[in-house]
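First up is the structure itself, then whatever we jot down about it.
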There are 2 protein chains.
Amino acid sequence: MTAPSRQPTAVTSHRTPPVHTHPGEVPLETALLALADPVRQTLVRELAGAGDWERSCGSFDVPVTKATLSRHFAVLREAGLLEQRDAGPKRLNRLRRAEFDERFPGLLDLVLRHGG
Amino acid sequence: MTAPSRQPTAVTSHRTPPVHTHPGEVPLETALLALADPVRQTLVRELAGAGDWERSCGSFDVPVTKATLSRHFAVLREAGLLEQRDAGPKRLNRLRRAEFDERFPGLLDLVLRHGG
DNA sequence: CTGAGTGTACGCAGATCATCGAACACCCTG
DNA sequence: CAGGGTGTTCGATGATCTGCGTACACTCAG
């Protein structure tokens with residue numbers, strides 16, 4: 001049967017579920033580097049000001065193209081700061097506040113306070 | 001003999017007193033970037049484990065040459081983390097713990113705890 | 001003065017990072 | 001199926017950072 005013939009496209013799709021890293025496994029260096037970038041700081045602050053799963057990736061006001069934005073989200077995921085979930089064509093976001101805070105107490109608050 | 005004739009050498013000397021930045025004027029981004037580097041983390045931890053003005057620049061156990069080490073110290077100074085004072089041929093160091101802590105509460109402790 | 005010890009400045013190589021445009025995959029609606 | 005909307009990946013570019021060797025300035029001890 002040759003089967004459903006869903007030819008492997010050799011290209012990772014948008015629908016590949018996002019790869020997450022738990023804050024508990026994140027090195028301090030990774031966390032600091034992730035939070036040092038101004039664009040990512042903005043993302044984190046806007047995330048903190050909204051409820052879980054409220055904001056989609058394209059809903060953030062940052063002066064970069066969507067390609068760059070996508071990279072920033074990946075960095076935040078790898079730093080254990082962000083959780084993402086697919087909802088239709090959109091990808092919804094949640095700040096992993098409690099989990100990250102347990103791992104690096106005070107760090108997230110520091111970023112939220114400065115420049116807020 | 002016409003004077004000692006100390007010709008201006010046009011090259012900044014070692015003895016130029018170190019340029020310091022007060023923690024109160026340091027942007028969060030600068031602080032995070034300074035503390036993200038593994039070598040600088042080691043320096044900060046060793047500094048924290050010693051008394052003020054106890055350690056000279058060359059007394060740190062890090063796997064870099066002294067030229068690179070000198071650069072790292074400059075970064076720490078610009079981040080408001082380090083104060084330096086000349087004592088004879090040596091340059092003594094002090095971690096600006098209280099001042100930095102007032103500006104970024106908890107950040108330094110985070111670095112000292114992780115990997116200590 | 002000479003020499004050893006200490007630390008900085010400069011210039012270069014290599015690595016990493018942020019950014020972009022373009023191409024692509026996916027979802028939903030019509 | 002066609003098309004608009006959403007988000008990812010790829011490749012290239014420019015900037016920044018770390019690292020090193022070298023040269024140099026300074027201090028102190030002989």
Side-chain angles (χ1 to χ4, degrees), chain A residues 4 6-20 27 29-30 32-43 53-60 62-79 82-93, chain B residues 1 4-20 27 29-30 32-43 53-60 62-79 82-93:
Chain A
R6 242 273 158 272
Q7 285 278 112
T9 49
V11 174
T12 313
S13 150
H14 170 191
R15 290 301 120 179
T16 298
V19 178
H20 290 108
E29 183 181 341
T30 302
L32 293 177
L33 287 176
L35 289 172
D37 184 272
V39 173
R40 289 191 288 266
Q41 286 183 11
T42 300
L43 297 180
W53 314 122
E54 265 189 22
R55 309 280 307 258
S56 67
C57 292
S59 74
F60 292 85
V62 286
V64 293
T65 64
K66 57 179 185 171
T68 302
L69 187 56
S70 183
R71 264 193 170 292
H72 282 301
F73 280 124
V75 172
L76 289 177
R77 279 199 314 265
E78 286 170 29
L82 185 69
E83 190 176 4
Q84 291 184 316
R85 195 170 77 75
D86 287 339
K90 302 196 175 183
R91 184 159 277 187
L92 301 181
N93 300 280
Chain B
M1 4 192 135
S5 80
R6 245 264 153 279
Q7 288 277 114
T9 50
V11 174
T12 312
S13 148
H14 170 190
R15 288 303 119 177
T16 298
V19 179
H20 290 107
E29 182 180 341
T30 302
L32 293 177
L33 287 176
L35 289 172
D37 184 272
V39 172
R40 288 191 290 264
Q41 286 183 12
T42 299
L43 297 179
W53 314 122
E54 266 189 23
R55 309 280 308 258
S56 68
C57 291
S59 74
F60 292 83
V62 285
V64 293
T65 65
K66 59 177 185 172
T68 302
L69 187 56
S70 184
R71 265 196 171 297
H72 281 301
F73 280 124
V75 172
L76 289 177
R77 276 197 317 264
E78 286 171 28
L82 186 68
E83 191 176 4
Q84 290 184 316
R85 193 170 76 76
D86 287 339
K90 302 197 175 183
R91 184 159 278 188
L92 301 181
N93 301 280

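Below, read A as the first sequence line, B as the second, and so on, with proteins coming before strands; counting in each chain starts at 1.
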>> Under the rule for side chain to side chain donor-acceptor pair (under 3.5 Å), what residues qualify as partners of B:Glu29, not counting sequence neighbours?
In response: none

>> Looking only at the side chain of A:Ser56 (C-beta and beyond, no hydrogens), which of the listed nucleotides C:dT6, D:dG7, C:dC27 gets closest?
In response: D:dG7

>> Walk along nucleotides 16-21 of chain D from 5' to 3' and tag each nucleotide B, S or - by protein heavy-atom contact under 4.0 Å, base first, then sugar-phosphate.
In response: --SBBB

> Rounded to the nearest 0.5 Å, what separation is found between the CD atom of B:Gln84 and the CH2 atom of B:Trp53?
Replying inline: 8.5 Å

> Is any side-chain heavy atom of B:Thr42 closer than 4.5 Å to a side-chain heavy atom of B:Phe60?
Replying inline: no

>> In this structure, how many angstroms lie between the C1' atom of D:dT9 and the CG atom of A:Leu69, rounded?
In response: 15 Å

> Given atom CD of B:Gln84 and atom C1' of C:dG7, what is their separation to the nearest angstrom?
Replying inline: 9 Å

> Between C:dT6, C:dC28, D:dT9, which nucleotide gets closest to the side-chain atoms of A:Ser70?
Replying inline: D:dT9

> Which value, rounded to the nearest 0.5 Å, describes the distance between A:Leu33 atom CG and A:Glu78 atom CD?
Replying inline: 11.5 Å

> side chain to side chain donor-acceptor pair (under 3.5 Å) with B:Arg40: which residues, sequence neighbours excluded?
Replying inline: B:His72

> Quick one: does B:Asn93's side chain get under 4.5 Å of B:Cys57's, heavy atoms only?
Replying inline: yes

> Counting side-chain heavy atoms from CB outward, which of C:dT6, C:dC28, C:dT8 is closest to B:Arg77?
Replying inline: C:dT8

> Within this structure, what is the CG-to-C1' distance between A:Leu35 and C:dA18, rounded to whole angstrom?
Replying inline: 17 Å

> When rounded to the nearest 0.5 angstrom, what distance separates CG in A:Leu35 from CG in A:Leu76?
Replying inline: 7.5 Å

> In whole angstrom, what separates A:Lys66's NZ from C:dA25's P?
Replying inline: 14 Å

> How many Å lie between CG on A:Asp86 and P on C:dC26, as a whole number?
Replying inline: 12 Å

> Tell me: CZ of B:Arg85 to C1' of C:dG7, nearest whole Å?
Replying inline: 16 Å

> Just how far, in rounded Å, is P of C:dA18 from CG of A:Leu43?
Replying inline: 12 Å

>> Rounded to whole Å, how long is the line connecting atom NZ of A:Lys90 with atom P of D:dG4?
In response: 17 Å

